[in-house]
Amino acid sequence: MNDMTPERDARVANLKGMGCSRKRVEDARFTQGKGNYVDDISLPGMLTGDFVRSPYAHARIKSINTEAAMALEGVVAVLTAQDLAPLSLHWMPTLAGDKQMVLADGKVLFQGQEVAFVVAKDRYIAADAIELVEVEYEELPVIVDPIKSLQSDVVLREDLDPKAPGAHGPRKHHNHIFTWEVGDEAGTNAVIDDADVVAEASMYYHRTHPCPLEPCGCVASMDKVNGKLTLWGTFQAPHVVRTVASLLSGIEEHNIRVVSPDIGGGFGNKVGVYPGYVCSIVASIVTGVPVKWVEDRMDNLMTTAFARDYWMTGKISATKEGKITGLHCHVTADHGAFDACADPTKFPAGFMNICTGSYDIPIAYLGVDGVYTNKAPGGVSYRCSFRVTEAVYFIERMIEVLAIEMDMDPAELRRINFIKKEQFPYQSALGWEYDSGDYHTAWDKALKAVDYDGLRKEQAERVEAFKRGETRTLMGIGLSFFTEIVGAGPVKNCDILGMGMFDSCEIRIHPTGSAIARLGTISQGQGHATTFAQILASEIGIPADSITIEEGDTDTAPYGLGTYGSRSTPVAGAATAMAGRKIRAKAQMIAAYLLEVHDDDVEFDVDRFVVKGAPERFKTMGEIAYAAYNQAIPGIEPGLEAVSYYDPPNMTYPFGAYVCVMDIDVDTGVTDIRRFYALDDCGTRINPMVIEGQIHGGLTEALAVALGQEIAYDEMGNVKTGTLMDFFLPTAWEVPNYETDHTVTPSPHHPIGAKGVGESPHVGGVPCFSNAVQDAFRPFGNRHTNMPHDHWRIWQTANALGLHH
Ligand code: PCD
């Protein structure tokens with residue numbers, strides 16, 4: 001007709017749809033310094049807020065004197081708990097059903113805790129004023145060890161009735177938060193007691209921190225004339241922030257607008273609600289002008305959401321042939337001063353019950369005890385879906401320890417225990433239904449790619465050479481196979497503060513055939529503007545380059561639960577496809593009308609509807625969009641829009657097989673990663689290049705955590721790693737060349753078969769790096785050593801094994 005009818009392949013390519021390595025559209029502004037981050041926001045008359053923070057980890061506050069600070073030129077207000085108390089805002093609810101002080105109320109419970117909020121003309125004056133606030137502290141005994149905390153007479157949370165249950169049931173001790181149990185403990189113990197082989201291990205997954213390059217911050221602006229509060233901030237879940245802000249402040253939700261502008265990395269750090277947000281809002285209401293609060297690096301590392309801090313003990317049993325028969329896991333979880341873990345309500349230890357991993361384990365038990373200590377609150381899923389990193393680290397270490405116990409090859413031990421392809425959908429002993437997987441294919445491909453047998457031979461030769469004194473370098477082969485659980489989640493079992501975890505997409509096609517789609521998620525660097533347009537391009541036949549993706553403004557975006565737990569693709573991505581299909585259904589009716597045939601007589605073909613059996617008769621999506629607005633079509637409303645709120649029937653279970661080859665200098669403890677191979681299966685792939693970037697980023701954060709990154713405390717509760725001089729953030733210097741690979745096992749329930757991928761490399765990466773270190777020392781009697789494997793600790797391991805003369 002009116003189209004030059006390019007070849008079908010050319011039309012497909014023109015869409016830049018599913019499977020295309022489309023270049024990231026957001027990079028044009030990021031690479032030219034044109035991003036718009038919270039700290040770029042500057043409003044007329046805007047003030048700056050900053051915190052007086054506690055130098056002590058546990059102390060009673062005897063007095064706060066703000067006079068000298070208030071007297072400083074340029075200081076507008078100094079808020080303390082006393083000022084917030086009449087508004088009931090001196091405490092706030094946490095995502096875990098606990099409550100947290102916004103400003104110190106009677107005492108402080110961790111170093112760096114917010115004591116007073118200074119509001120001044122600029123950041124420098126605020127910093128000077130902080131020095132002038134006089135706080136009199138009376139030191140109290142400090143507890144930094146959760147196991148000791150459960151035996152201590154010292155009561156950390158004096159605000160809680162020691163006998164009353166918490167949000168997750170009975171509490172055993174005044175410093176105890178909850179016990180969470182899954183599985184059959186008696187049955188598991190019976191199996192383990194009778195087993196041919198049992199391996200045991202205790203491991204500490206150290207406290208660390210997501211440390212995004214941009215710290216947390218916000219700008220609050222209360223327009224008293226119109227009664228409207230606008231809050232810009234580094235929020236991974238802007239709609240949730242709006243709802244919480246409304247519930248806390250009493251301002252009606254339609255009068256609050258929350259905007260997440262560009263975000264410089266989230267990694268879980270920007271999910272929670274921090275005192276800075278509450279104080280900025282109050283300060284803006286009080287002063288009547290906008291108030292900005294942006295953390296510095298030390299604030300971020302010392303006080304915002306930490307990750308991990310799990311003391312895990314395990315028992316795994318097997319037959320003589322190495323078939324696993326049972327798994328027992330107990331965790332003592334250090335939650336710091338307030339339980340502010342960001343987990344779906346029914347899961348106080350996140351999805352830790354995915355700890356049976358990728359293996360067909362008939363019976364298992366998990367028990368978790370949450371405990372208060374004098375450390376910062378948090379417990380966030382740093383690049384993992386709600387404690388999945390802990391779970392995968394645990395099982396991947398247990399497998400290695402079992403292999404040592406049985407004197408078996410760990411690759412073979414994994415192979416004989418993997419869930420088989422035909423067992424999917426697979427019901428795990430601890431309650432999950434894995435949607436799809438083909439672990440054996442992935443494993444075989446990985447081992448072949450790295451020439452596993454060749455590596456083992458080389459390793460054995462190296463050990464012999466070491467024993468003969470010819471080399472001081474050992475070789476470690478790190479293996480890991482992981483199953484993630486991402487895409488929270490079915491509303492029936494996943495909510496945050498009572499809000500069901502669906503997600504959304506709203507599409508508006510313009511008359512000229514371009515479009516805008518808005519989602520309930522928010523990119524922090526993942527590239528959603530690029531990839532969600534690709535999903536739509538394939539669904540509705542409009543080129544990705546002609547589709548704007550907008551996220552993060554609650555005044556315009558449909559309600560959604562935000563971006564974390566690799567949920568955007570599984571949930572909002574599904575909503576995008578479903579909304580696209582609604583558009584397509586209406587487009588089909590319009591096309592049929594225009595072509596004067598029955599609706600069923602046209603079919604979708606790339607970027608058009610064609611008459612079945614007569615491909616020369618068609619209407620392009622551009623023509624259809626134009627007609628939708630400009631032609632009276634009997635029985636069809638004008639316009640072409642759709643919205644989908646998607647409640648996923650299940651989560652998605654991406655998986656992967658990783659291998660790390662590492663050389664370790666026994667005398668210096670220095671590690672050299674010779675090779676890192678990562679095979680990922682995230683189902684249908686939207687953008688292979690974006691996926692590769694995600695893998696590189698997640699592996700780098702895994703390397704960091706495994707080899708040095710930690711938030712360490714001394715016994716006084718002082719943070720020893722509060723700056724980037726001490727907190728390890730890898731640079732190009734430490735990062736190896738990653739080899740990426742993939743298999744594709746689509747999710748059977750996701751509309752386009754896609755699973756999440758953003759966190760996979762972190763989840764699989766940490767045990768892989770750690771296993772490489774541990775494997776190097778296996779021939780000399782190492783069973784387990786705790787992370788982080790920095791040079792000093794590796795040296796100590798070598799020394800303890802008698803490898804130094
Ligand atoms: N994809 C594709 N395909 C598939 C899947 C996926 O393509 N199959 C892609 C998408 O589209 C996007 C990405 O990739 O773009 C991702 O996705 P996902 O997986 O879905 O995820 P999301 O949701 O989106 O995101 C989230 C994640 C997380 S969670 C984290 S940590 C991290 C990751 O993401 N973070 C970050 N990554 C990243 N990147 C960046 N750049 N930055 C950031 O920050 Mo959490 O929970 O929060 O812890």
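Whatever order the structure lists them in is the order used to number ligands and atoms, beginning at 1. Computation of the quantities below employed the complete heavy-atom set of this structure, encompassing side-chain atoms and omitting hydrogens, waters and symmetry-equivalent molecules.
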message: Suppose I only count heavy atoms of Thr684 and a 4.0 Å limit; which atoms of ligand 1 are within that range?
response: 4 (C), 8 (N)
- request: Taking only heavy atoms of Thr563 into account, list the atoms of ligand 1 that are under 4.0 Å away from them.
  value: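 Heavy-atom distances to Thr563 below 4.0 Å select 22 (P), 23 (O), 25 (O), 26 (C).
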- prompt: If you measure every N/O of Ile686 against every N/O of ligand 1, is any gap under 3.5 Å?
  reply: yes
query: Under 4.0 angstrom from ligand 1, any heavy atom of Gly697?
result: no
- prompt: Which residue from Gln526, Met689, Arg383 reaches closest to atom 26 (C) of ligand 1 through any of its heavy atoms?
  reply: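 Selected option, by shortest heavy-atom distance: Gln526.
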- request: Examine Gly265 against ligand 1 and note whether any of their N/O atoms are separated by less than 3.5 Å.
  value: no
field: Which residue and heavy atom of the protein sit nearest atom 42 (N) of ligand 1, plus the separation
entry: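 Closest protein heavy atom to atom 42 (N) of ligand 1: Gln524 O, 3.4 Å.
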- prompt: If you measure from atom 23 (O) of ligand 1 to every heavy atom of Pro210, Ala529, Gly758, Ser568, which option wins on shortest distance?
  reply: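 Considering heavy atoms of Pro210, Ala529, Gly758, Ser568, the nearest to atom 23 (O) of ligand 1 sits in Ser568.
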- prompt: Just checking, is any N or O donor in the side chain of Thr531 or Asn687 under 3.5 Å from an acceptor N or O on the other one?
  reply: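 There is no such pair between these side chains.
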statement: Quick look: Thr569 vs ligand 1, heavy-atom contacts under 4.0 Å, and the answer is both
Which of the ligand 1 atoms, numbered from 1, are nearer than 4.0 Å to a heavy atom of Gln236: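 Numbered from 1, ligand 1 contributes 47 (O).
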task: Heavy-atom distances under 4.0 Å are what count here, so tell me which part of Cys384 touches ligand 1: side chain, backbone, both or neither.
output: backbone
field: Between Gln526 and Arg24: side-chain donor-acceptor atoms closer than 3.5 Å
entry: no
field: ligand 1 versus Gln694: contacting region, heavy-atom distance under 4.0 Å
entry: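 Under 4.0 Å from ligand 1, Gln694 contributes side-chain atoms alone.
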field: Side-chain H-bond candidate by donor/acceptor type, Asn300 with Thr304, under 3.5 Å
entry: yes
Close aromatic pair by centroid cut-off 6.0 Å: Phe235 and Tyr277: yes
Under 4.0 Å to a heavy atom of Gly756 - the qualifying atoms of ligand 1, by number: 19 (O)
task: Indicate whether any N or O donor in one side chain lies under 3.5 Å from an N or O acceptor in the other, for Lys270 and Ser260.
output: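 Their side chains do not contain a donor-acceptor pair, so the 3.5 Å distance test is not met.
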query: How far is atom 21 (O) of ligand 1 from its nearest protein heavy atom, and which residue and atom is that?
result: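 The protein heavy atom lying closest is Ser566 CA, 3.5 Å.
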field: Residue, atom name and distance, where the atom is the protein heavy atom closest to atom 44 (O) of ligand 1
entry: Gly266 N, 2.7 Å
field: Proximity of His335 and Phe306 rings by center, below 6.0 Å
entry: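 No, they do not, as the ring centres are separated by 6.0 Å or more.
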statement: atom 19 (O) of ligand 1 sits nearest the protein heavy atom Val757 N, 2.6 Å
field: Pairwise side-chain contact, Ile673 with Asn737, heavy-atom cut-off 4.5 Å (strictly under)
entry: no
- request: Identify the protein heavy atom lying closest to atom 9 (C) of ligand 1, giving its residue, its atom name and the separation to 0.1 Å.
  value: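 So the nearest neighbour among protein heavy atoms is Val690 CG1, 3.9 Å.
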task: Kindly confirm or rule out an N or O of Phe267 lying under 3.5 angstrom from an N or O of ligand 1.
output: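 There is such a contact, yes.
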message: Any salt bridge linking Arg308 with Asp334? Criterion: basic side-chain nitrogen under 4.0 Å from a carboxylate oxygen.
response: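 Looking at Asp334 together with Arg308, the answer is no, because their closest N to O distance does not fall below 4.0 Å.
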message: Side chains of Thr563 and Gln524 only: does a donor on one sit below 3.5 Å from an acceptor on the other?
response: no
Atom 7 (O) of ligand 1: nearest protein contact (heavy atom, Å):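 For atom 7 (O) of ligand 1, the nearest protein heavy atom comes out as Asn687 N, 3.0 Å.
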message: Using a 4.0 Å cutoff against the non-hydrogen atoms of Tyr382, which atoms of ligand 1 qualify?
response: 48 (O)
field: Flag for Glu551-Thr521: side-chain donor and acceptor within less than 3.5 Å
entry: yes
message: As an exercise, state the distance from CD1 of Ile695 to OG1 of Thr740, rounded to the nearest 0.5 Å.
response: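 With rounding to 0.5 Å, CD1 (Ile695) is 7.5 Å from OG1 (Thr740).
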- prompt: In the protein, which heavy atom is nearest to atom 29 (S) of ligand 1, and how far is it?
  reply: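 Scanning the protein heavy atoms, the shortest distance from atom 29 (S) of ligand 1 goes to Glu759 OE2, 2.7 Å.
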- prompt: Looking only at non-hydrogen atoms, which of His762, His528, Glu484 approaches atom 24 (O) of ligand 1 most closely?
  reply: His528
query: What about Thr531: any of its N or O atoms under 3.5 Å from an N or O on ligand 1?
result: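 Looking only at distances, the answer is yes, because the N/O contact criterion of under 3.5 Å is met.
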Side-chain H-bond candidate by donor/acceptor type, Asn14 with Asp607, under 3.5 Å: no
field: Distance from atom 48 (O) of ligand 1 to nearest protein heavy atom, with residue and atom
entry: Ser381 O, 2.0 Å
- request: Answer yes or no: does an N/O atom from Val271 fall short of 3.5 Å to an N/O atom of ligand 1?
  value: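 Not met; the criterion fails.
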query: Any side-chain donor-acceptor pair under 3.5 Å between Thr483 and Tyr439?
result: yes
- request: Classify the contact between Phe386 and ligand 1 as side chain, backbone, both or neither, using a heavy-atom distance cut-off of under 4.0 Å.
  value: neither
- prompt: At their closest point, which heavy atom of Leu561 faces which heavy atom of Asp503, and how far apart are they?
  reply: N-OD2, 3.0 Å
- request: Flag Pro570 as yes when one of its N or O atoms lies below 3.5 Å from any N or O atom of ligand 1, and as no otherwise.
  value: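 In this structure, Pro570 places no N or O atom under 3.5 Å from an N or O of ligand 1.
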- request: Examine the proximity of ligand 1 to Val380 and report which part, side chain or backbone, both or neither, has a heavy atom under 4.0 Å away.
  value: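 It is neither part, as no heavy atom is under 4.0 Å.
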- prompt: Which atoms of ligand 1 have any heavy atom of Lys755 under 4.0 Å away?
  reply: 4 (C), 5 (C), 8 (N)
- prompt: When the aromatic ring centroids of Tyr646 and Phe502 are compared, is their separation below 6.0 Å?
  reply: no
- request: Scan side-chain atoms only and decide if Tyr382 and Thr389 contain a donor-acceptor pair under the 3.5 Å cut-off.
  value: no
message: Quick check on the 6.0 Å ring-centre criterion: do Trp432 and Phe347 meet it?
response: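 Yes: the rings meet the under 6.0 Å criterion.
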- prompt: Polar-atom distance check: Tyr564 versus ligand 1, any N or O pair below 3.5 Å?
  reply: no
Contact (N/O only, under 3.5 Å) between Gly525 and ligand 1: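 There is such a contact, yes.
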- prompt: Should Pro490 and Asn493 count as side-chain neighbours, where that means a heavy-atom distance under 4.5 Å?
  reply: yes
- prompt: So is Gly268 polar-close to ligand 1, meaning N/O to N/O under 3.5 Å?
  reply: yes
